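What you are looking at is a predicted structure, and each value in this text was computed from that prediction instead of being measured. Numbered from 1 within each chain, the chains take letters A, B, ... in sequence-line order. Basis for what follows: all heavy atoms, side chains included, without hydrogens, waters or symmetry-related copies.
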Protein chains: 2
Amino acid sequence: MTSQTTEDLRRRNLSRVLTLLHEEGARSRAELTREVGLSRSTMAGVVAELIGLGLVTESTPALTGGAGRPSGVVRLAEDVVAVAVNPEVDAVHVGLVGLGGRVVKHVRIETPDTEVATVVGLAAATVRGMLAGDSARVLGLGLAIPGQVRIGDGVVRQATHLGWSEVPIVDEVTKATGLRSWAANAATLAMRAESRFGAGKGVADLVYLIGGASGVGGGAVVAGQLLTGAAGYAGEFGHTVVRPGGARCHCGAAGCLEAEVDQATLLAAVGLDAADAGRLGRELTERLAGRGDEDPDSALAGLVEELAGLLAVAVRNAVNVLNPQAIVLSGFLAALRDAAPVDLVGDAVASIREGVEVRDAALGEEQLMIGAAELVWAELLADPAGFLLGG
Amino acid sequence: MTSQTTEDLRRRNLSRVLTLLHEEGARSRAELTREVGLSRSTMAGVVAELIGLGLVTESTPALTGGAGRPSGVVRLAEDVVAVAVNPEVDAVHVGLVGLGGRVVKHVRIETPDTEVATVVGLAAATVRGMLAGDSARVLGLGLAIPGQVRIGDGVVRQATHLGWSEVPIVDEVTKATGLRSWAANAATLAMRAESRFGAGKGVADLVYLIGGASGVGGGAVVAGQLLTGAAGYAGEFGHTVVRPGGARCHCGAAGCLEAEVDQATLLAAVGLDAADAGRLGRELTERLAGRGDEDPDSALAGLVEELAGLLAVAVRNAVNVLNPQAIVLSGFLAALRDAAPVDLVGDAVASIREGVEVRDAALGEEQLMIGAAELVWAELLADPAGFLLGG
DNA sequence: GTATTTTGTTCGTAAGTCGAACAATCTGCC
DNA sequence: GGCAGATTGTTCGACTTACGAACAAAATAC
């Protein structure tokens with residue numbers, strides 16, 4: 001199915017070169033030749049084909065200082081973009097993201113309700129507005145959904161915070177915008193962004209945990225591949241057990257990480273509003289250290305330590321099962337870790353624990369836009385010519 | 001690195017055809033052509049090359065009853081074998097396994113101690129004995145180790161039950177036998193066998209849990225690929241937490257599945273000896289139902305339910321994170337599940353839970369021999385010609 | 001015994017990669 | 001300014017592989 005005829009060789013080579021540019025940025029054709037390992041003549045053909053497809057451009061100079069004929073710099077075409085859409089409880093984020101993960105535009109549209117028709121209508125109108133008068137080539141649309149999305153047909157099985165259930169969102173959005181669309185879980189896409197461009201770059205085995213207002217999500221990269229599971233629901237670290245028989249979770253079970261460790265508790269403890277979640281990390285650190293004339297807040301210290309201990313249970317399980325090279329924490333989980341003196345992987349099996357590095361996420365607000373666009377880029381990168389010629 | 005020149009096409013096609021025969025058994029060349037999707041002329045070349053390598057044979061008739069010229073049956077060469085070695089606490093298992101997972105020979109050699117030199121010496125001698133006067137072509141040796149094995153260099157980091165630590169077992173065995181050798185964790189290899197030939201056959205996303213005298217191990221298949229993790233230690237489900245602050249585990253932490261749910265407890269409860277572990281399942285079922293003049297054993301029922309509940313915590317976590325299509329239980333965990341009325345995935349997230357099937361392992365005693373041999377077969381199947389011509 | 005069906009074989013064509021030879025264009029040096 | 005050296009782009013022939021059409025082979029169907 002995948003590869004028998006010689007044309008598949010060219011497909012793979014197009015894919016490899018474009019993927020390298022997407023992940024690592026522009027470079028000279030000579031460098032490309034060295035890094036990919038193709039002969040100069042073959043690389044000439046590959047780059048020419050990518051230029052013909054309008055995906056890359058080649059600019060003449062470069063002047064590296066060394067001797068020899070200068071090599072043209074191959075860079076991603078700037079007019080090639082994907083639309084990114086992320087529905088939230090009170091607003092819809094819509095963005096335009098270039099090949100290479102460059103966020104071109106990004107707006108937040110408030111929404112009166114989260115009805116599917118409302119959200120889809122708003123998103124479609126915003127997209128049309130964004131593209132008006134713009135010469136960009138839009139190759140597709142990616143949706144980041146706060147809930148479970150079935151891989152394959154893009155149906156939202158359950159998105160509690162939006163009140164959605166069994167919504168064929170990909171079909172709806174395709175109909176409303178005319179763009180080829182894909183959808184996936186938001187936490188998974190946030191990880192995808194961190195994995196390609198952020199704290200998880202170059203890491204083949206990665207665990208990602210993100211905490212926000214709506215709970216705890218996550219994802220993993222296994223052997224360089226995104227972990228999807230059989231139906232696309234994998235990575236629900238928020239619903240792993242950290243205290244059997246503990247707090248009841250909206251998933252129906254008890255003692256889930258998401259039910260035991262939540263952002264609201266921490267915000268309340270430091271007297272912050274939900275809107276100020278971004279300041280949580282600094283606030284926690286300062287209160288625990290004591291600032292100005294205040295004493296260190298020992299009650300808060302107890303809470304933080306308890307919550308970090310619960311997080312450590314989930315992390316320990318993830319580490320023992322997946323043996324990752326790194327764990328990336330995002331949102332309030334990063335804040336919690338920075339404030340707490342707990343070694344999150346201390347209780348993992350010794351030989352596994354050694355190789356793990358715990359890091360904070362590196363990407364900011366635009367994480368989700370980049371991740372959603374990756375849904376489109378993944379399709380393009382796998383088969384550049386096939387994608388554009390109506391794959 | 002992996003595929004640019006046209007020769008790689010042939011490598012992939014050799015691999016695909018041989019892999020199909022390995023997994024699914026002999027079939028006619030016409031069937032191969034249909035299933036793999038190559039043209040008749042190309043398949044003729046591929047089969048001819050595999051015959052030239054001595055890996056398959058083609059027998060003439062077939063006579064399927066239908067009209068048309070009969071197609072020769074292609075089957076795996078019977079003289080191609082791998083050696084499988086599995087050191088245990090009191091014995092070493094040594095076997096000869098044919099391509100296709102056929103166990104040709106299998107012996108258990110008692111060992112006076114588990115010193116590395118003793119075990120390696122015994123294994124090497126047994127292998128020499130097995131092969132004496134045999135015309136088999138031995139392509140390599142696979143080791144199933146009850147402990148953590150570092151991928152890449154085949155060093156045993158820790159094997160508590162053998163008392164091994166930092167043992168370069170692959171080097172030692174290669175030196176002693178002259179065979180190309182590979183090693184991996186035994187539970188992982190048991191899963192590998194079930195995944196290819198047993199209860200997990202054809203399942204692309206699989207979780208496997210095995211319980212034995214030495215604890216609980218496991219493994220997983222993710223997107224059709226074996227889960228190894230960054231260093232090869234992945235799948236330690238036995239050290240996931242099922243009761244925070246619970247029983248202390250030899251891994252240093254507390255509340256591990258392996259520490260909370262163990263075979264000895266169950267055996268003691270039904271009055272069986274460690275040697276009779278194989279009868280545990282039937283014994284449990286009978287006692288719980290009541291047999292002959294006895295009443296159902298309600299104390300035992302309580303114990304079984306408690307242990308099954310703890311197992312359910314580990315299973316729930318695995319399911320929520322990996323979204324597998326099936327879970328395979330082996331050893332005393334299968335016995336426990338068969339005896340207990342607990343729905344092991346009942347507390348998993350709804351959309352994930354739906355698609356999961358819990359099964360008992362299908363392979364018996366020879367599981368580990370088959371799995372260890374798969375270490376060799378995996379290398380061969382990835383590049384048949386390269387492997388034989390000194391890859 | 002002949003037509004039909006299915007499969008193996010042969011051979012010409014197309015696609016793709018590589019490597020050698022040559023051309024182009026820079027730096028460095030006098 | 002001109003020439004040697006270095007590096008890279010370009011062209012072209014050789015090689016490998018896969019495919020498909022035409023033909024041959026060997027069974028069943030009638």
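With rounding to whole Å, B:R11 atom CZ is found 15 Å from C:dT17 atom P. Between the CZ atom of A:R12 and the C1' atom of C:dA15 there is a distance of 16 Å, rounded to whole Å. One can place CE of B:M43 at 10 Å from P of C:dG8, the figure rounded to the nearest angstrom. What separates CD1 of B:I51 from P of C:dG8 is a distance of 12 Å, to the nearest Å.
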Nucleotide by nucleotide, nucleotides 7-13 of chain D touches protein heavy atoms under 4.0 Å in the pattern (B base, S sugar-phosphate only, - none) BBBBB--
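In this structure B:S39 satisfies the side chain to side chain contact (heavy atoms under 4.5 Å, CB included) test together with B:S41, B:T42, sequence neighbours excluded. For A:E58, the side chain to side chain donor-acceptor pair (under 3.5 Å) criterion is met by A:R29, not counting sequence neighbours. With sequence neighbours left out, the side chain to side chain donor-acceptor pair (under 3.5 Å) criterion links A:Q367 to A:E194, A:Y208. Contacts of A:V170 classified as side chain to side chain contact (heavy atoms under 4.5 Å, CB included), with partners at least two apart in sequence or in another chain: A:T174, A:S181, A:A183. Partners of A:D153 under the side chain to side chain donor-acceptor pair (under 3.5 Å) rule, at least two apart in sequence or in another chain, are A:R150. Residues passing the side chain to side chain donor-acceptor pair (under 3.5 Å) test with B:E31 are B:S28, sequence neighbours excluded.
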Show which side-chain atoms of residues 222-231 of chain B pair as donor or acceptor with protein atoms under 3.5 Å away, not counting sequence neighbours.
none

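A salt bridge is absent between B:R137 and B:D79: the closest approach of a Lys/Arg side-chain nitrogen to an acidic carboxylate oxygen does not fall below 4.0 angstrom.
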List, with names and distances, any nitrogen or oxygen atoms from the protein found under 3.5 Å away from nitrogen or oxygen atoms belonging to nucleotides 14-17 of chain D.
| unit_1 | atom_1 | unit_2 | atom_2 | d |
| --- | --- | --- | --- | --- |
| D:dT16 | O2 | B:T6 | OG1 | 3.3 |

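The side chain of B:T5 places no N or O atom within less than 4.0 Å of a non-bridging phosphate oxygen (OP1 or OP2) of C:dT17.
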